[in-house]
Each structure stands twice: as structure tokens, then as C-alpha cells.
Amino acid sequence: MIRIYEFDALRPEEILNRDIRAEANVEATVDAIIADVRARGDEALKDYALKFDHAALTSIQVTQEEIDEAFAASDPEFIKTLRMAADNIRRFHEHQVHENFVVNDTPGIVLGQKYTPIERAGVYVPGGTAAYPSTVLMDVIPAKVAGVSEIVMTTPAGPDGKANPAILTAAVIAGIDRIFKTGGAQAIAALAYGTESVPAVDKIVGPGNIYVATAKRKVFGKVGIDMIAGPSEILVLADGTCNPAWVAADLLSQAEHDRLASPVLVTDSAELARAVQAELEVQIPQLPRAAIARESVDTNGKIIVTDDMNKAIEAVNIIAPEHLEICVDDPFAILNSIRNAGSIFLGKNVPEALGDYFAGPNHTLPTSGTARFSSPLGVDDFVKKSSFIYYTRDALGAVQGRIADFAEHEGLHAHARSVTIRYEDEKQEK
């Protein structure tokens, strides 16, 4: 049963008690897998597919025939839903596109900044206990909007040697260029370093288990990554007017993801806290993934009761949740008080699942308190900024002494001379 806590009785470390560091045996396993993929390439990927996914692969790349077969067999209504979701996601992310700028308000000086898409992005899509075509849309479409030249995807094959058909269908709609049947840490290694089949990419995005997260952390620097994602989280901020059945259902929408998922209710109503606690016991046994949800709720779930809504907001900002539902009648009155959250769902008619699948904002979000300093996946993750500078000779000459003086104060005499050498002839002529 989920536990109820009084906010004022909790220490900060008890409010936020998450740790995404991998155990030593995970670190060692991932190190070995990365080294093996670097050494043996495709053969290592095939061996791991057999070992972990029970898939005997003759080829790593998904063929066009396999893609066409999966798409043709898909439910037309599901395809229609995917297309509608893709349109919403595309329209939202198009608003994130930046414009280059130039500053030319001083004679002889031009300054500016330009945005350039990365050349090749790698998208990791999990398989295993559940397939996530939504991840395909959320991770690929912002890259397409950003103008990435090539987007490749990795996803594990099933025992039949085929990738999940729903994932392949979503890949068609999102516009993936190439798809490879590999998962886990080995897929991250392949995307980072390349194999005979899998091209090395510039950035890897997408969620995964602790092995995937650890592999992403280890290849960072060789390639870019979006974030180190921990287990799923939801925090419902609710007052006493909320329907406890709705609140419980929203908490369970994340609890069913993973035994390590973190469902949290923060409320200023002790009555609602008790009602939600009871309602969870009614709803959990009804879920197909009841065992997962049960462990998530009992081990990582909590209900925090505060004296008032101001303290409830304080608790939210300490926790910095991945998903935050603000279940009050006037959520916009609270919105600007929220400093730390990945994605914010406003009002009583906005369940977290709306954002997961359909509304448009991205569902690849910062977890484990990292919303204090990081953001959802978006177009910015797939572009680079470059600044540029232009000075005429006269414009540089007007400030050469100041630049040289600055460099000399730092003891960098070659820096200083790289400026002044351009004007030595003029000094000799005088």
C-alpha cells in the first residue's frame, strides 16, 4: 500500500530520494559489451541478439520488405491515430525552430549566430516488455523538423527475428531513413562507434533500461546524447476537489511502466490522500501489469500531505518531476510558481497519457530531479549554434591595444602579438 507522509516531517533527502547510478556489475557488463562491439562489429550484435532477445539474425538492417509488410498489416485506425499524433508533434516542434541573427550596429563590425543541424542522429527505441511507437514519433519528428540529414533507428528484434510491427509502422510515418535490429547497450555502442552495417552517428537519443542509460553515459563525448533517463515518474499536485479515482488512475499510468517508476501525490487535503490510497487498492488488481504497478506503488510511491498549496508547490519544486499534473480548478494561477518540471499538465481534464501520445509536446523528459537544470527533448537537441565575427582592419585597429592589454594581463603574449603584428608595418612607417 502506498504510504502517506506529512510534508513538514520529511527531510529534503526523503522528499527526493532517487539515485540513477548503475551498480558496479552493470558498469562492468556495459564496458565489456562496448568493447566487444567495437572489436567485432556486426558479429557481436548478432551474438547479443541471440543471447538477450533469442533472435537468430542473418542481417542487422531491417529490409524494406519487412517495413512494407509491417505497415500493410497494421490496423488502419491505428495508422490514422499515428498520423494525427505525428501532425500534432510536428506542429508543436516547428515553433521551436530558431532563426539565425546578425548584429551590425557598429561600423566595420559584423557579429552573429547561425544554427546548423547535426548530420546524423541515432534513435534508440526499446523493445522488451512493451513496444513504444510513441517514442519513435517523439524522438524522430523533432530531428526532422531540425533538418537532420539522416536519422537511423535501433530496436531489438523478437524471437522471430523481426522488429515490432507497431514500431516499424511509426517509423514509416515519422520518416526514419534506416532501421537496425539491435537493442540494449550493444545498440548504443554500435551507434556511437559504427559497425559494418550500423553507421556511427553524431548524437544518440531515446530512453532505455539501466544498461542503455549506462552505455549512453559511457559513450558521451564520442557522441552527444539527449539525457541519462531514469525510471518514469509522475507527480500529481491536487487539492481536495479532485476525483480520487482519476488521481489514482493517473498515478498508475506511470506505475505500470516499470517496477522502479515513481508515482507521487502531493496534496493539501488529508481526506483526498486517504481516498486515493484506498482507490489505488481497488484499481491495481484490475491492471494487466498489476505486479509491476504494485511494486512501483509500494516501493517508490508516496503521498505527501501539506498544510496549504504553497507548501505543496514547494514540494513539487524540490522533487522536480518528469511529469507534473496540476489538478486544480485554476491551474494557470499555479503555473508560474512551478520552477522544476519536465512536462506540465494543466487542469483536471489533462491526464499524463494525453502528452505521452497525442498532444504534441515531447514525452522524452528529464527524470530523477534533473528537471532542475534540463529540458524535454526538442529541436534544440538536433542543432548546433555557431557564432561568427567579422571586423574590418580599421575596426580591429581601433581596439588592438585593449585586446593586447587583456592578453598580457593573462600572460598570453602570443595572443597579444597575433593582434598587434597586423599593425607593426604602420608603426615603422610612422
Side-chain angles (χ1 to χ4, degrees), residues 1-5 14-23 26 124-132 134-135 138 206-214 216 226-238 246-267 273 276-277 279-304 315-316 318-325 327 340-345 350-357 362-371 374 376-377:
M1 179 176 289
I2 197 166
R3 286 163 289 183
I4 298 176
Y5 300 87
E14 292 175 318
I15 297 171
L16 178 64
N17 59 353
R18 297 163 294 188
D19 189 346
I20 60 172
R21 291 176 297 177
E23 298 295 333
V26 174
Y124 181 86
V125 179
T129 58
Y132 300 113
S134 58
T135 295
M138 292 289 182
N209 62 20
I210 189 63
Y211 293 92
V212 170
T214 301
K216 285 171 69 177
D226 51 352
M227 61 188 77
I228 304 295
S232 279
E233 307 164 358
I234 184 169
L235 191 157
V236 179
L237 173 63
W246 293 9
V247 173
D250 290 357
L251 292 172
L252 292 174
S253 71
Q254 290 303 293
E256 72 172 353
H257 257 301
D258 187 337
R259 297 175 191 275
L260 298 177
S262 174
V264 176
L265 167 63
V266 177
T267 180
V276 171
Q277 184 185 53
E279 185 64 32
L280 285 167
E281 296 306 303
V282 173
Q283 292 189 27
I284 289 174
Q286 301 173 18
L287 297 174
R289 295 165 68 88
I292 294 172
R294 167 58 66 193
E295 187 168 343
S296 167
V297 167
D298 290 356
T299 305
N300 305 303
K302 58 167 67 81
I303 297 174
I304 298 174
V316 169
I318 292 171
I319 294 171
E322 177 188 18
H323 307 95
L324 170 63
E325 291 187 10
C327 294
N340 304 322
S343 189
I344 303 172
F345 303 78
V350 190
E352 182 273 334
L354 175 64
D356 257 2
Y357 298 115
N362 211 283
H363 81 190
T364 300
L365 302 167
T367 62
S368 304
T370 60
S374 58
L377 187 77

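Numbers for residues simply follow the sequence, beginning at 1. Because the structure is a prediction, the values reported are computed rather than measured.
Ring centers of Y132 and H363: at least 6.0 Å apart, outside the cut-off.
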Self-check item: Evaluation steps, side-chain contact (heavy atoms from CB on, under 4.5 Å), between H323 and V236
Solution: CA-CA 8 Å; H323 307 95; V236 179; over 6 Å; no

Practice problem: Evaluate the criterion side-chain contact (heavy atoms from CB on, under 4.5 Å) for residue pair I304 and L265; output intermediate values, then yes/no. | Solution: CA-CA 6 Å; I304 298 174; L265 167 63; over 6 Å; no

Exercise. Could you walk me through whether S343 and L365 pass the side-chain contact (heavy atoms from CB on, under 4.5 Å) test, one step at a time?
Key: CA-CA 7 Å; S343 189; L365 302 167; 3.7 Å; yes

Exercise. Check the pair V316 / L324 against side-chain contact (heavy atoms from CB on, under 4.5 Å), numbers first and verdict last.
Key: CA-CA 8 Å; V316 169; L324 170 63; 3.7 Å; yes

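Taken to the nearest 0.5 Å, the CD1 atom of I319 stands 7.5 Å off from the OG atom of S262. Here CD1 of I228 is found 7.5 Å from OG1 of T214. Values are rounded to the nearest 0.5 Å. The CD atom of Q254 lies 6.0 Å from the CD atom of E322; values are rounded to the nearest 0.5 Å. Distance check, rounded to the nearest 0.5 Å: CD1 of I303 to CD of Q277 gives 5.5 Å. One finds the CG atom of D258 at 9.0 Å from the CG atom of N209 (value rounded to the nearest 0.5 Å). Between the CD1 atom in I284 and the CG atom in D298 there is a gap of 6.5 Å [rounded to 0.5 Å].
The two residues D250 and S253 make their nearest non-hydrogen contact at O-OG, 2.6 Å. When all heavy atoms are compared, the tightest approach of A255 to I292 is O-CG2, 3.7 Å. For the pair L377 and N362, the tightest heavy-atom approach, listed with the atom from each and the gap, is O-CB, 3.2 Å. Between A320 and A371 the shortest heavy-atom distance is O-CB, 3.8 Å. Between A213 and A229, the closest heavy-atom pair is CB-O, 3.9 Å. Nearest heavy atom pair, residue V266 against residue A315, reads CG1-CB, 4.1 Å.
Residues S368 and E233 have side chains in contact (heavy-atom distance under 4.5 Å, counting atoms from C-beta outward). Side-chain atoms of P263 and V297, non-hydrogen and from C-beta on, do get closer than 4.5 Å to each other. Looking at E325 and I234, their side chains come closer than 4.5 Å, going by heavy atoms from C-beta outward. Between S296 and R259, every side-chain heavy-atom pair lies at or beyond the 4.5 Å cut-off. T364 places a side-chain heavy atom less than 4.5 Å from the side chain of M227. In this structure, T367 and P231 have side chains that are not in contact, with every pair of non-hydrogen atoms separated by 4.5 Å or more. Considering only heavy atoms from C-beta on, P126 stays 4.5 Å or farther from V212 through its side chain. Side-chain contact between T299 and L260: absent, with no pair of heavy atoms (C-beta onward) separated by less than 4.5 Å.
In summary, K216 and D226 engage in a salt bridge, as defined by a charged side-chain N under 4.0 Å from a carboxylate O. A salt bridge does not link E256 to R294: none of the charged side-chain nitrogens sits closer than 4.0 Å to a carboxylate oxygen.
At distances below 3.5 Å, not a single donor-acceptor pair connects side-chain atoms of E295 with backbone N or O atoms of A291.
Within 6.0 Å of atom OH in Y357, 12 or fewer heavy atoms from other residues, nucleotides or ligands are found, so the atom counts as exposed in its surroundings.
Between the side chains of E279 and Q283, at least one donor N or O lies within less than 3.5 Å of an accepting N or O.
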